[in-house]
Asks: 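I have a structure I would like to understand better, so I am pasting it below and will then ask my questions one at a time.
Residues: numbered from 1 along the sequence shown.
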Amino acid sequence: MTDPAKESSAISGEKTPADSGPPINPKRNNYAIACATMASMASVLLGYDVGVMSGAVIFIKKDFGISDVKVEILVGIISLYSIFGAAAAGRISDWIGRRYTMALAAGFFFFGAVLMGFATNYSFLMFGRFVAGVGTGFAGLIASVYTAEISPASTRGCLTSFPEVFINFGILLGYVSNLAFSNLPTHLSWRFMLGIGIIPSAFLVIIVLAMPESPRWLVMQGRILEANRVLDKVSISLQESQQRLADIKIAAGIHPNVTDDVVPPPQPQKLVWRELFLHPTPAVRHILIAAIGLHFFQQASGIDGVVLYSPRIFEKAGITSSSHILLATVAVGIVKTCSILIATFLIDRIGRRPLILTSVAGKAVSLTMLATSLTIINNSHEKVKWAIVVCIATILADVAFFSIGLGPMVFVYSSEIFPLRLRAQGVSVGIIVNRITSAVVTMTFLSLYRAITIGGAFFLYAGITAVGWLFFYLVFPETRGRNLEDVEGVFGNIMCRLKKNRSGSGRMSGGGGASNN
């Protein structure tokens, strides 16, 4: 019986990823870059909320007279609320398309920002957080899925790191908003900080109108001609476009030789959740473990505690001036935003695996040094200037190491490893784990540092991060340079992957690496 995969490679006359490694200096398609940039702007919504709440909550606490427990709930609850959006986004994006799902995300966040800006009490504010949280859940999933599906294999790592770039940009905007409105009266300052979020959400709705639909979603709807037109625009060459279309057809259950402009849509996958959880193949099981572990360790490393509660950390470190504290948080945002550009530049050149291992190792060391310096400051009766300097430096180092690997990798890796039939729902599972873990961290941080000291809290995060490094070393295969339809082939038995990673990691980082399909 003829192998459709071999037929598809014959269509273009090109070598498949199984025959050749990724280029060391990948070509770029400007239209694909523009599409990835526009889609990734959805992530600004999530980043802005994270950044702005770190400062807004200071004024909300004064205005409403709420306790630290309510502060923890207010800050962290949006992560739980976003689960509703993430859980629904996979199915909805398969139903109405990736573009309109982005518009839906922007609409939720727009109305959430309006409600928060006009909140008259704590309960009203929590309702606004719920509406905005659903929007951030939609945005977190759809930005990464769309970008992965639109990007050529040679630059997919770079382009799918864009959502993390825009999350960091959103965080920085939130910090700047805090600083800009901090001199207003207390009852107005936080309202402007939160309400100004309507601007990026309104901008996103306009941008969606200029974006093409995902070619993979179009094929799933049987709209072959439209998918072909989009692929011609976002591929490096016409040959690559033909190859990508043939591979997508196979993944969707359509024979690659079918040339009709419109065909009956493939039968929808009724048993996606069963294949993910009840009867997964060895490859799908490995993929699911990798995705869930990635999302868990990203948040369990305590990054949201650092970003959301950085004013508290700087205060504990001995910085007493409110303006100096807010300026220090802006510095955190700048370092975090600049560091992600390093990952964007390197991720398609040296690969996913070296970046994630370097990132997690550096983060573990930074958190250990931060915990040590905070413990020294906490146990000293005098101001220890060198420890304060170390504390500030290690916070900046922590967010920098996070942004070069662990931050963008949840978008890059989890959106490319799931096969087409499982992608939207698989990514939503990862995001749900991510948001639950984030909620646990942000809603327990203040209570945790009171129970075991702030230094003890960061020692705990450092230990979790060290365990994460071991997990990534054992579980993560390299995926650089492979078409989305070929990535599943590098997953399977985890212990076999370990042996292959030991012998092949040097070859992959040098630009070789053949698929074992």
Asks: When you look at V114 and F110, which way does the side-chain contact (heavy atoms from CB on, under 4.5 Å) test go after all the steps?
Replies: CA-CA 6 Å; V114 171; F110 181 93; 4.1 Å; yes

Asks: Just verifying a value: how many Å separate I347 CD1 and I404 CD1, rounded to the nearest 0.5 Å?
Replies: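 One gets 10.5 Å once the value is rounded to the nearest 0.5 Å.
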
Asks: Output, in order, the C-alpha distance, side-chain angles, deciding distance and verdict of side-chain contact (heavy atoms from CB on, under 4.5 Å) for Y100 and I92.
Replies: CA-CA 9 Å; Y100 293 124; I92 289 176; over 6 Å; no

Asks: If only atom types and distance count, is the side chain of R129 paired as donor or acceptor with the main-chain N or O of L74 below 3.5 Å?
Replies: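 Between the backbone of L74 and the side chain of R129 there is a qualifying donor-acceptor contact (under 3.5 Å).
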
Asks: Decide yes or no for N121 and F124: does some side-chain heavy atom of the first lie under 4.5 Å from some side-chain heavy atom of the second?
Replies: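 Yes, at least one pair of side-chain atoms sits under 4.5 Å.
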
Asks: Does F471, at its CZ atom, have more than 12 non-hydrogen atoms belonging to other residues, nucleotides or ligands within less than 6.0 Å?
Replies: yes

Asks: Tell me, please, which residues at least two apart from F459 pass ring pair (Phe, Tyr, Trp, His ring centres under 6.0 Å).
Replies: none

Asks: Quick check against the 3.5 Å criterion: does S40 have a side-chain atom that pairs as donor or acceptor with the backbone of T37?
Replies: no

Asks: Keeping S144 on the side-chain end and L141 on the backbone end, is there a donor-acceptor pair under 3.5 Å?
Replies: yes

Asks: Is there a side-chain contact between C35 and Y146 in this structure, where contact means two heavy atoms from C-beta onward sitting under 4.5 Å apart?
Replies: yes

Asks: With a 4.5 Å heavy-atom cut-off, do T465 and F401 have their side chains touching?
Replies: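 A side-chain contact under 4.5 Å is absent here.
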
Asks: Judged by atom type as modelled, is there a donor-acceptor pair below 3.5 Å linking the side chain of S54 to the main-chain atoms of G51?
Replies: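 Side chain of S54 to backbone of G51, a donor-acceptor pair under 3.5 Å: yes, one is there.
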
Asks: So, for S214 and R98, which heavy atoms are closest and what is the spacing to 0.1 Å?
Replies: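 Closest pair (atom of S214, atom of R98, distance): CB-CG, 3.6 Å.
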
Asks: Do the side chains of V230 and E213 get nearer than 4.5 Å, heavy atoms only?
Replies: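 SC-SC contact between E213 and V230 ruled out.
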
Asks: Please state whether the rings of F108 and F138 are parallel, tilted or perpendicular, taking 30° and 60° as the class boundaries.
Replies: parallel

Asks: What is the minimum heavy-atom distance between S82 and R435, and which atoms define it?
Replies: OG-CD, 2.8 Å

Asks: Looking only at heavy atoms, what is the nearest atom pair of L80 and I436, with distance?
Replies: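 Distance-wise, the nearest heavy atoms are CD2-CA, 4.5 Å.
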
Asks: Does a side-chain heavy-atom distance below 4.5 Å link D49 with F109?
Replies: yes

Asks: If you round to the nearest 0.5 Å, how far is CD1 of I313 from CG of L374?
Replies: 7.5 Å

Asks: Near F277 CZ, under 6.0 Å, is it more than 12 heavy atoms from other residues, nucleotides or ligands?
Replies: yes

Asks: Would you give the length of the straight line joining atom CD1 of I96 to atom CZ of R91, rounded to the nearest 0.5 angstrom?
Replies: 13.5 Å

Asks: Can you establish whether the number of heavy atoms outside R229 located under 6.0 Å from its atom CZ is more than 12?
Replies: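 Atom CZ in R229 is not packed in, count stays at 12 or less.
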
Asks: Determine whether the aromatic ring centres of Y461 and F458 lie less than 6.0 Å apart.
Replies: yes

Asks: For residues D398 and L370, determine if any side-chain heavy atom of one lies less than 4.5 Å from a side-chain heavy atom of the other.
Replies: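 No, every pair of side-chain atoms sits at 4.5 Å or beyond.
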
Asks: Should T160 and T147 be marked as a side chain to side chain donor-acceptor pair (under 3.5 Å) after you check the CA-CA gap, both sets of side-chain angles, and the distance that decides it?
Replies: CA-CA 6 Å; T160 50; T147 306; over 6 Å; no

Asks: Checking salt bridge (Lys or Arg N to Asp or Glu O under 4.0 Å) against E416, which of R352, R423, R216 comes through?
Replies: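 Testing each of R352, R423, R216 against E416, the sole residue satisfying salt bridge (Lys or Arg N to Asp or Glu O under 4.0 Å) is R352.
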
Asks: Distance from E164 atom CD to L341 atom CG, nearest 0.5 Å?
Replies: 11.0 Å

Asks: Could you walk me through whether D94 and M220 pass the side-chain contact (heavy atoms from CB on, under 4.5 Å) test, one step at a time?
Replies: CA-CA 9 Å; D94 283 343; M220 292 296 291; over 6 Å; no

Asks: Does the side chain of T437 come under 3.5 Å of the side chain of Q299 through a donor N or O and an acceptor N or O?
Replies: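 T437 vs Q299: no donor-acceptor pair found between side chains.
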
Asks: Taking all atoms of both residues into account, what is the closest heavy-atom pair of S161 and V412, and its distance?
Replies: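 Reported closest heavy-atom pair: N-CG2, 3.5 Å.
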
Asks: Strictly distance-based, threshold 3.5 Å: is any side-chain N or O of S177 a donor or acceptor partner for the main-chain N or O of L173?
Replies: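 Checked: no pair found.
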
Asks: Looking at every heavy atom in both S414 and L294, which two are closest together, and how far apart are they?
Replies: N-CD2, 4.4 Å

Asks: Using a distance-only test with no angle check, is there a side-chain donor-acceptor pair under 3.5 angstrom linking D304 and S438?
Replies: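 Side-chain D/A pair, D304 to S438: present.
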
Asks: Return the OG1 to CD1 distance between T375 and I454, rounded to the nearest 0.5 Å.
Replies: 9.5 Å

Asks: Would I167 and I340 count as a side-chain contact (heavy atoms from CB on, under 4.5 Å) if you check the C-alpha gap in whole Å, the side-chain angles of each, and the deciding distance to 0.1 Å?
Replies: CA-CA 10 Å; I167 283 181; I340 184 62; over 6 Å; no

Asks: Would you check if the side chain of S359 reaches a backbone N or O of I356 as a donor-acceptor pair within less than 3.5 Å?
Replies: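 Checking the backbone N and O of I356 against the side chain of S359, no donor-acceptor pair under 3.5 Å is found.
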
Asks: Given 3.5 Å as the limit, does a donor-acceptor pair link the side chain of T101 with the main chain of G97, or not?
Replies: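 Yes; at least one donor-acceptor contact below 3.5 Å.
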
Asks: Flag the pair R191 / F181 as yes when at least one side-chain heavy-atom distance between them is below 4.5 Å, and no otherwise.
Replies: no

Asks: Does a sphere of radius 6.0 Å around CE in M369 hold more than 12 heavy atoms from other residues, nucleotides or ligands, not counting ones at 6.0 Å or beyond?
Replies: no

Asks: Hey, does I60 have a side-chain heavy atom less than 4.5 Å from the side chain of L194?
Replies: yes

Asks: Between F476 and Y413, how do the two ring planes meet: parallel, tilted or perpendicular, split at 30° and 60°?
Replies: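 Answer is parallel, since the angle falls under 30°.
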
Asks: So, does N178 use its side chain to make a donor-acceptor pair with the main chain of M193 at under 3.5 Å?
Replies: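 Not confirmed, N178 side chain does not pair with M193 backbone.
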
Asks: For the side chain of S403 and the backbone of A400, is there at least one donor-acceptor N/O pair under 3.5 Å apart?
Replies: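 Absent.
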
Asks: May I ask you to decide if S151's main-chain N or O and T155's side chain share a donor-acceptor pair within less than 3.5 Å?
Replies: no

Asks: In this structure, are over 12 heavy atoms from other groups packed under 6.0 Å from F192 atom CZ?
Replies: no

Asks: Answer with yes or no after comparing the ring centroid distance for W190 and F64 against a 6.0 Å cut-off, counting only values under it.
Replies: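 Here the rings of F64 and W190 have centres that are less than 6.0 Å from each other.
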
Asks: If you draw a 6.0 Å radius around NZ in K61, do more than 12 non-hydrogen atoms from other residues or ligands fall strictly inside?
Replies: yes

Asks: Can you give me the closest heavy-atom contact between S415 and A148, atom names plus distance?
Replies: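 In terms of heavy atoms, the two residues are closest at OG-CB, 3.5 Å.
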
Asks: Would you indicate whether Y81, at its atom OH, is surrounded by more than 12 heavy atoms from other residues, nucleotides or ligands within a distance under 6.0 Å?
Replies: yes

Asks: Using a cut-off of 6.0 Å, state whether more than 12 heavy atoms not belonging to F118 lie near its atom CZ.
Replies: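 Open: at most 12 neighbouring heavy atoms sit under 6.0 Å from CZ of F118.
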
Asks: For the ring pair Y309 and F445, is the centre-to-centre distance below 6.0 Å?
Replies: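 Ring-ring flag for Y309/F445: true, centres closer than 6.0 Å.
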
Asks: As an exercise, state the distance from CG of L367 to CG of L460, rounded to the nearest 0.5 Å.
Replies: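 Reported value, rounded in 0.5 Å steps: 10.0 Å.
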
